[in-house]
Amino acid sequence: MTFTITELRVTIRGTEILRGVDLDVQKGQVHGVAGESGSGKTMTGLAVLGLLPHGAVASGRVELAGRDLLGLPDKDLGRVRGNEIAMVFQDPATSLHPMLSVGRQLTEHMRSHLGLSRAEARERAAELLAKVRIPGPAEALTRYPHQFSGGMRQRIAIAVALACDPQVLIADEPTTALDVTVQAGILRLLRGLCDELGLAIMLITHDLGVMSAIADEVSVMRSGAVVESGPRDTVLRAPSHPYTRSLLEALP
Amino acid sequence: MRRLPQAWRRLPEAWRRPLAVTGGIMALAWVVIALAAPLLAPHDPLAQDLPRLAGPGPGHWFGTDQLGRDILSRVVYGARVSLPLTLLLVALSVLIGGLLGAIAGYFGRWADEAIMRLADLVFAFPTIILAMVVAAALGPSLGNAVLAVLVVAWASYARVSRGLVLAVRGQEYVLSGRLLGFSTWRSLRVDVLPNVTGPILVLATLDMGTALLLLSGLSFLGLGAKPPSAEWGAMVASGVEVFDSWWVATFPGLAILTVVLAFNFLGDTLRDALDPRTARAIKERAL
Amino acid sequence: MSPTSVPSDVTALRDRVRRLRPFAGFLARRVLIAVLLAWGITLVTFVLTNMVPGDPVAANLGQRALGDETIVAQWRAEHGLDKSPPEQYLMHLQALLHGDLGMSQQSHRPVGDDLAEFVPATLELAGVAIVVSLVLGVAFGMIAALRRDRPADHALRMLSLIGISVPTFWLALLAFYVFFYRLQLTPGSGRVDPGLGAPESVTGLHTVDAALAGQWDVFASALGHLILPALVLSLYTIALLTRFTRSAVLEVLGQDHVRAGRAKGLPRRVILRSYVLRSALVPIITVAGLAFGSLLSGTVLVEAIFAWPGIGQYAYKSATTLDLPAIMGVGLVVGIVYLVINLIVDVLYGVIDPRVRLR
């Protein structure tokens, strides 16, 4: 299985935000997408799921298991979202629904995508929470996001994303909003899940330190296009593009 | 708050929208009607020399009432009663409410408690019931009706201006001014006041409509304008007795509707033209 | 860490109680504030009705009696007007605590009896109106927000601006003229056809009482009489809630968790109901609570046109005759209704938003 983005272009009111992005994420690999803010990293992730903001138009190809997602009608895309491709957002304080219990947020899409019964879904939800190392998973299901710490919330958000056994996980700056002390734990968790479940992870981050910690492949984006791509060590140790070099030099 | 001047500069664009243009034209038209009433009205608004309860037709386009007065002329002259009173009413509410709210927000502590709890009490009563009791106690007259509405109208300005003053007071440039040793009065006047006026102005525009509705409501109940006076609310009330002569109540009611609508169109436009944060502060009491 | 590490029932229960305690405290605080406000209301109504220049003696005694000093003095003593204001207030409070609201000088009946008769009529009218307003206002607001900047949105914005600009008393008269007088689609004034008579009073709400008694002809008549005034009354609040729901929903639509919900592939209807509407409900309910107050204002005007024997009419009559006990009674009832509404709104906050309910 491969997940391939080819020549992805996004235009908002005449302005081209993405100018032909090419990415290729392999099963069991973490593909890091780096670049400064405004380079189009997040927009790429949203375009894949058809979640672009009002007025944005996408063209190109987003291929998963032989299908072009951009051409899918919204109803079919709804079956891909959360089911085959899941997403983890930057700030778990806002990306989790503050008024729904953790159990509800973990089970609602399982029930609609996988057709599980309430009891089956809850059982699987508790297993998922255990997998992302939430203490007391069964009890945690009855609680609400605000009753957890930031790191725990992001673990819950990851569990939500994994609930339907997706093939692809798009993680958009998953550690940026968290304390430095819990960042490493989240990254280890993502790496572990990638190896264990054979996930293809597209990790969007502006932090090259994060990148070097867990990525297999690295793509560097600048103003809506990928300027350099390759294995982590090649790109980070011997960058060929001057922009990548300047990013690396900016590291402390 | 600092974006306020910029918002004002954006106004011309906002004014070009249909809603703003319609509102502007209607408001302007009513001002002209009020000013030029003697020239525009075909009859003496008080003269009872026409056939009684005649339907709309040549010579009396809005019909006549049960005393044989020309309704068109009375509606035209009504603008001279309602518009200045509404303006006066809102100006007084802004002044009193804004000042009290600013005092509450700036000095805090007991002043804040006392003023805001008083405002809470005012909010606890349906406006018209409180105004009705005050108007009835003072005796029915237009002036007393204005006073009665004032009793309920100041509170919303107090809330908004308190909130704005609190927000501005915490800003760095105000704090630094105080650190530099500027007096309380100076910091109120120079740092706080200019930032509060924009939102209050929007609120006042939106409130014009509410004020007119309340004022004419009191007159409708017989607690405002006295009989011969050509006041719109009282004119609608006189139409209740002869409701099969629909024109008696319909036209003065339309006058109220169009004036209120004009102010609401303008207020809505002004609010849109302001920056989102100020807009939210106003929205919190957009009732 | 296995998923089977379920705490025992007792611990779970204790845990739940511990987490709910802040909400109980929050509610207790609200109730206390409500009681204080209720006391404040008695004080304000008392001050308002006593410190104003209007003369209740002149308003209640005929011209001849006014000339007779003994009658005036007797009347004043009867109503406690010969005592100092603080004494009068204490007497008033004491009587209130015993459920005695005084005698109406106008109806010559205990104010409590008057209120018991008139309050249900208004509650029935305002209750129907607030339900109609919530259903239509929220629906219109959602439609406007989801069709942002499209014709439906522009039309609804225009209509809601008109809705908040229409003088209620004028609309009531116009509606009465068109639907009753001209089209004869609705019954005339009052709560029920005079020929049928009111149902036996249990709740005081004619529709409910008629249904309880199984008098379906009375029920139909009462409902028919309700429709037009309730619709007239609700127009303003429908418009208000439309405007508010629109802006609340627009704000929510841009929030992260809605986008996250869509990324989960949830059906559109689930997103709209559980993610968008649920989140927008807190501001909507706040405004609905305030809107109920403006509904009560509207009843004064609407009841006048439809001859609806409710608290609005009673308030109007007592205000114009300076019937002090009646005015204070109305003030108290209205204040209490307001406080109850606020309390309901506070409880709903807790029901909707676990962040209010749980720590």
Side-chain angles (χ1 to χ4, degrees), chain A residues 45-46 49-51 53-54 74-75 77-101 104-105 108-110 112-113 123 125-131 133-147 157 160-161 163-164 170, chain C residues 1-9 11-16 18-20 22-23 145-150 250-271 273-282 348-359:
Chain A
L46 293 177
L49 285 174
L51 295 177
H54 200 67
D74 203 59
K75 212 176 111 217
L77 199 56
R79 268 182 233 124
V80 174
R81 288 184 196 139
N83 193 18
E84 293 171 56
I85 304 180
M87 192 152 178
V88 173
F89 292 85
Q90 175 170 341
D91 187 357
T94 57
S95 70
L96 289 172
H97 195 319
M99 299 174 191
L100 298 183
S101 71
R104 161 87 193 263
Q105 298 193 55
E108 56 183 351
H109 55 315
M110 272 197 251
S112 70
H113 285 314
E123 194 180 322
E127 283 166 21
L128 280 163
L129 286 182
K131 190 177 270 174
R133 303 201 193 85
I134 299 283
E139 200 260 336
L141 288 180
T142 65
R143 299 173 68 171
Y144 292 86
H146 72 277
Q147 297 172 309
V160 169
C164 300
I170 300 172
Chain C
M1 217 59 70
S2 80
T4 51
S5 63
V6 188
S8 72
D9 279 358
T11 352
L13 196 68
R14 196 178 296 148
D15 192 43
R16 183 151 291 198
R18 183 178 56 76
R19 283 188 273 131
L20 274 172
F23 186 54
L146 296 175
R147 298 264 183 284
R148 184 181 194 174
D149 290 335
R150 284 195 260 173
L250 279 181
E251 213 169 306
V252 171
L253 281 177
Q255 281 172 7
D256 252 13
H257 71 272
V258 174
R259 183 189 273 171
R262 290 177 62 207
K264 285 163 77 177
L266 295 171
R268 185 178 154 83
R269 111 194 99 76
V270 175
I271 295 281
R273 194 186 53 219
S274 301
Y275 281 68
V276 177
L277 187 57
R278 177 86 187 252
S279 309
L281 224 45
V282 167
L348 284 178
Y349 284 159
V351 172
I352 295 166
D353 193 341
R355 286 168 299 182
V356 177
R357 182 172 77 234
L358 306 165
R359 290 283 147 77

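This structure is a prediction, so every number in the text was calculated from the model and none was measured. Below, read A as the first sequence line, B as the second, and so on, with proteins coming before strands; counting in each chain starts at 1.
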At a heavy-atom separation under 4.5 Å, does [X] approach chain C through its side chain, its backbone, both, or neither?
{"X": "A:V160", "answer": "side chain"}
{"X": "A:Q105", "answer": "both"}
{"X": "A:L141", "answer": "neither"}
{"X": "A:H97", "answer": "both"}
{"X": "A:L49", "answer": "side chain"}

Inset, instruction - Could you tell me whether the side chain of C:V270 reaches within less than 4.5 Å of the side chain of A:E108, counting heavy atoms only? - result: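 When only atoms from C-beta onward are counted, C:V270 and A:E108 do touch, with a gap below 4.5 Å.
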
Exercise: identify the closest heavy-atom pair between [X] and [Y]:
{"X": "C:A263", "Y": "A:L51", "answer": "CB-CD1, 3.6 Å"}
{"X": "C:D256", "Y": "A:T94", "answer": "OD2-OG1, 2.9 Å"}
{"X": "A:F89", "Y": "C:A260", "answer": "CE1-CA, 3.5 Å"}

Inset, instruction - Look at A:I85, A:I170, A:V88, A:L46 and state which one has the largest set of heavy-atom pairs under 4.5 Å with chain C. - result: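 The option with the most such pairs is A:L46.
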
Inset, instruction - Would you mind checking which part of C:L253 comes under 4.5 Å of any heavy atom in chain A, side chain (CB onward), backbone (N, CA, C, O), both or neither? - result: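 Interface part for C:L253: neither.
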
Legend entry - Option passing side-chain contact (heavy atoms from CB on, under 4.5 Å) with C:P354 (candidates A:R143, A:M99, A:Q147):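 It is A:M99; the other options fail the test.
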
Legend entry - Point-to-point distance, once rounded to the nearest 0.5 Å, from CZ of C:R262 to CZ of A:R81: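 Between atom CZ of C:R262 and atom CZ of A:R81 there are 5.5 Å.
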
Legend entry - Pairwise distance CZ(C:R268) to CG(A:D74) - rounded to 0.5 angstrom: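 Between atom CZ of C:R268 and atom CG of A:D74 there are 8.5 Å.
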
Inset, instruction - Indicate yes or no for a side-chain donor-acceptor contact from A:H113 to the backbone of C:K264 under 3.5 Å, with no hydrogens or angles considered. - result: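 Yes.
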
Inset, instruction - Using distance alone, with no hydrogens and no angle criterion, decide if C:R259 and A:S95 have a side-chain donor and acceptor under 3.5 Å apart. - result: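 Short answer, no.
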
